[in-house]
Amino acid sequence: MKVAVIGGGWAGLAAAVDLTAAGAEITLFEAGRVPGGRARSITVAGRRLDNGQHILLGAYRDILDVMRRIGADPEQLFERRPLQVVDAAGFRLALPKWPAPLNVAWALLTAQGVGWREKAATARWMQGVKARGFRLAADATVGQWLDGAGQTGELRRHLWEPLCLAALNLPAARASAQVFANVLRDSLGSRRREDTDLLLPRVDLGRLLPEPASHWLAARGATLRFSTRIEALEATPEHVAVAGERFAAAIIAIAPQHAGKLWPEMTAKYDYEPIATVYLQFAPQFRLPFPLFKQTGKYGQWAVDRGDGLIGCVLSGHGGWEALTDDELAAALQAELPASGPALWHKVIREKRATFACQPGLARPDWRTGDPRVVLAGDHTWTEYPATLEGAVRSGRRAARELLGKRYNPSP
Ligand SMILES: Cc1cc2nc3c(=O)[nH]c(=O)nc-3n(C[C@H](O)[C@H](O)[C@H](O)COP(=O)(O)OP(=O)(O)OC[C@H]3O[C@@H](n4cnc5c(N)ncnc54)[C@H](O)[C@@H]3O)c2cc1C
């Protein structure tokens, strides 16, 4: 079967890998010069950086599965750490390396900066949420959900709201509670301890999946066309035509704002949220108290220790930071870090349409189109999750299975 995969982000690459492994003949079309889409490596002043700091969890099982398939060993490429949420205001919640759910229970019990009454109420609430399978009677904002549950104290401020912003790229006041609950179900609520781990990349994003996947595909005869933007897709009764070539089927794995042009049935319209990553280079010996550090100043949200003194500060969603120049933003974030000296170097990368706004009741498109030979993929089509790498990869694998006439189930 000859298949066109349009889009070389993590969704398109995952689809191409699975189809190639099943014996299909793949041509992948990617508008950019390099693979990876919104999660790729870039070179700035001779340094390899990520276009945006990404946070990955042990629950990202399909990513780990694809990585193993293409020979990118997750054990080598990630450092696994039990999740901790630590901030400069004295809050600390640390999961021990114990079986789930004991690890979460212990973390809650021993959380610093939270009173006993609140811990007990939260434990009861989490039990109830779990008992209901993390299903809400109706979607609402995360803020409304937490209000309804009486979650109005320190854990809301130091844990739930920051986690919501990190996972959904939206503040609790606007984010979908059901999608947030899905994320909690598969991470803190999972029966597998490993799912709650943080996966800290030891290499840049390109080396995690996009580049090994591209090499793996090319070595197996797939055709990779970079710097090739597809302007039209024509589905006739005999074939699907892309860039003058004929295919038996096509996967459209591009961001929603572009997909409608290729497939007019794809009419879903989203609002988008930005993300800025502010890289600050300090002296090599500088380290954060924990590799993922919650900032508590006026602008800072999360800071990630990339090693050798390089810190990636993440600013999710619209906010006051957008009005600052790059230099102002770097200076403000630097002042909010526990660093002894000034940064030696900085680089601000702003992604204006980093993610779709994952609001309550958001209408997302059917990944199956009216034509069984054309399937949609991409983070926005994986309705269980907000815009995430894992959602993208799962959507790509699902699209591949559909064309192979097989059912897709996320990796166990
Ligand atoms: C700064 C930032 C931080 C993020 N942080 C996290 C995080 O911490 N954790 C997490 O899980 N997720 C995070 N995300 C979200 C994650 O990156 C995305 O959900 C994921 O990369 C989407 O992959 P995709 O393949 O669905 O889409 P994309 O990455 O958008 O890939 C689509 C590809 O299609 C190409 N394309 C578009 N139009 C055409 C065309 N006409 N012809 C050919 N090619 C075309 C594009 O160039 C692109 O490469 C973040 C995103 C950003 C931007």
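Keep in mind the model is a prediction, meaning the values are calculated, not measured. Start at 1 and go down the list; that is how both ligands and their atoms are numbered.
- The residues E211 and R40 are annotated as not salt-bridged, no charged nitrogen and carboxylate oxygen being separated by less than 4.0 angstrom.
- Residues W321 and R350 are in side-chain contact: their nearest non-hydrogen atoms beyond the backbone lie under 4.5 Å apart.
- Heavy-atom contacts of Q53 reach the following atoms of ligand 1: 3 (C), 5 (N) (cutoff under 4.0 Å).
- For atom 21 (O) of ligand 1, the closest non-hydrogen atom on the protein side is L389 CD2, 3.6 Å.
- Looking at ligand 1, you won't find any N or O of E390 less than 3.5 Å from one of its N or O atoms.
- For atom 53 (C) of ligand 1, the nearest protein heavy atom (residue, atom name, distance) is A354 CB, 3.5 Å.
- By the 6.0 Å and 45° rule, R47 stacks over the aromatic ring of W345.
- Note: F356 and Y270 have tilted aromatic rings, judged against thresholds of 30 and 60 degrees for the angle between ring planes.
- Within ligand 1, counting atoms from 1 as listed, the ones closer than 4.0 Å to a heavy atom of A11 are 25 (O), 26 (O).
- Salt bridge status for R246 with E234: absent, with no side-chain N to carboxylate O gap under 4.0 Å.
- Each of the atoms 10 (C), 11 (O), 12 (N), 19 (O) of ligand 1 lies under 4.0 Å from some heavy atom of T388.
- Looking only at heavy atoms of the protein, atom 49 (O) of ligand 1 is closest to E30 OE1, 2.6 Å.
- Of the protein's non-hydrogen atoms, the one nearest atom 32 (C) of ligand 1 is A253 O, 3.5 Å.
- Residues meeting the side chain to side chain contact (heavy atoms under 4.5 Å, CB included) test with V240, sequence neighbours left out: L233, V242, A250, R373, V374.
- Geometrically, R353 engages Y272 in a cation-pi contact, judged by NZ or CZ lying under 6.0 Å from the ring centre and within 45° of the ring axis.
- Considering backbone and side-chain N/O atoms, Y60 comes within less than 3.5 Å of an N/O atom of ligand 1.
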How far apart are the C-alpha atoms of Q53 and W302, what are their side-chain angles, what is the distance that settles it, and do they pass the side chain to side chain contact (heavy atoms under 4.5 Å, CB included) test? CA-CA 10 Å; Q53 178 61 54; W302 293 95; over 6 Å; no

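- Close approach of ligand 1 to D379 is summarised as follows: ligand atoms under 4.0 Å from at least one heavy atom of the residue are 18 (C), 19 (O), 22 (C), 26 (O).
- The shortest contact between atom 4 (C) of ligand 1 and any protein heavy atom is with H54 NE2, 3.3 Å.
- Taking any N or O of I6, backbone or side chain, none lies under 3.5 Å from an N or O belonging to ligand 1.
- Using a 4.0 Å cut-off between a side-chain N of Lys or Arg and a carboxylate O of Asp or Glu, D62 and R397 qualify as a salt bridge.
- Looking only at protein heavy atoms, the nearest one to atom 29 (O) of ligand 1 is R38 N, 2.8 Å.
- Between D147 and R156 there is a salt bridge, since at least one side-chain N of the basic residue sits less than 4.0 Å from a carboxylate O of the acidic one.
- Looking at atom 15 (C) of ligand 1, its nearest protein heavy atom turns out to be A387 O, 3.7 Å.
- Ligand 1 has an N or O atom lying under 3.5 Å from an N or O atom of I55, backbone or side chain.
- Contact atoms of ligand 1 toward F29: 43 (C), 44 (N) (distance under 4.0 Å to a heavy atom of the residue).
- The ligand atoms of ligand 1 that sit less than 4.0 angstrom from a heavy atom of A392 are 22 (C), 23 (O), 24 (P), 26 (O).
- In terms of protein heavy atoms, atom 36 (N) of ligand 1 is closest to I254 CG2, 3.6 Å.
- Neither the backbone nor the side chain of N169 has a heavy atom within less than 4.0 Å of ligand 1.
- Listed by number with element, the atoms of ligand 1 under 4.0 angstrom from any heavy atom of G52 are 1 (C).
- Residues that satisfy the side chain to side chain contact (heavy atoms under 4.5 Å, CB included) test with Q76, not counting sequence neighbours, are D73.
- Atoms of ligand 1 found under 4.0 Å from any heavy atom of G378 (numbered from 1 in listed order, with element): 26 (O).
- Residue contact annotation: L13 has no non-hydrogen atom under 4.0 Å from ligand 1.
- For the atom pair M1 CE and E25 CD, the distance stands at 11.0 Å (nearest 0.5 Å).
- The local environment of NZ in K97 is sparse, with at most 12 non-hydrogen atoms from other residues, nucleotides or ligands closer than 6.0 Å.
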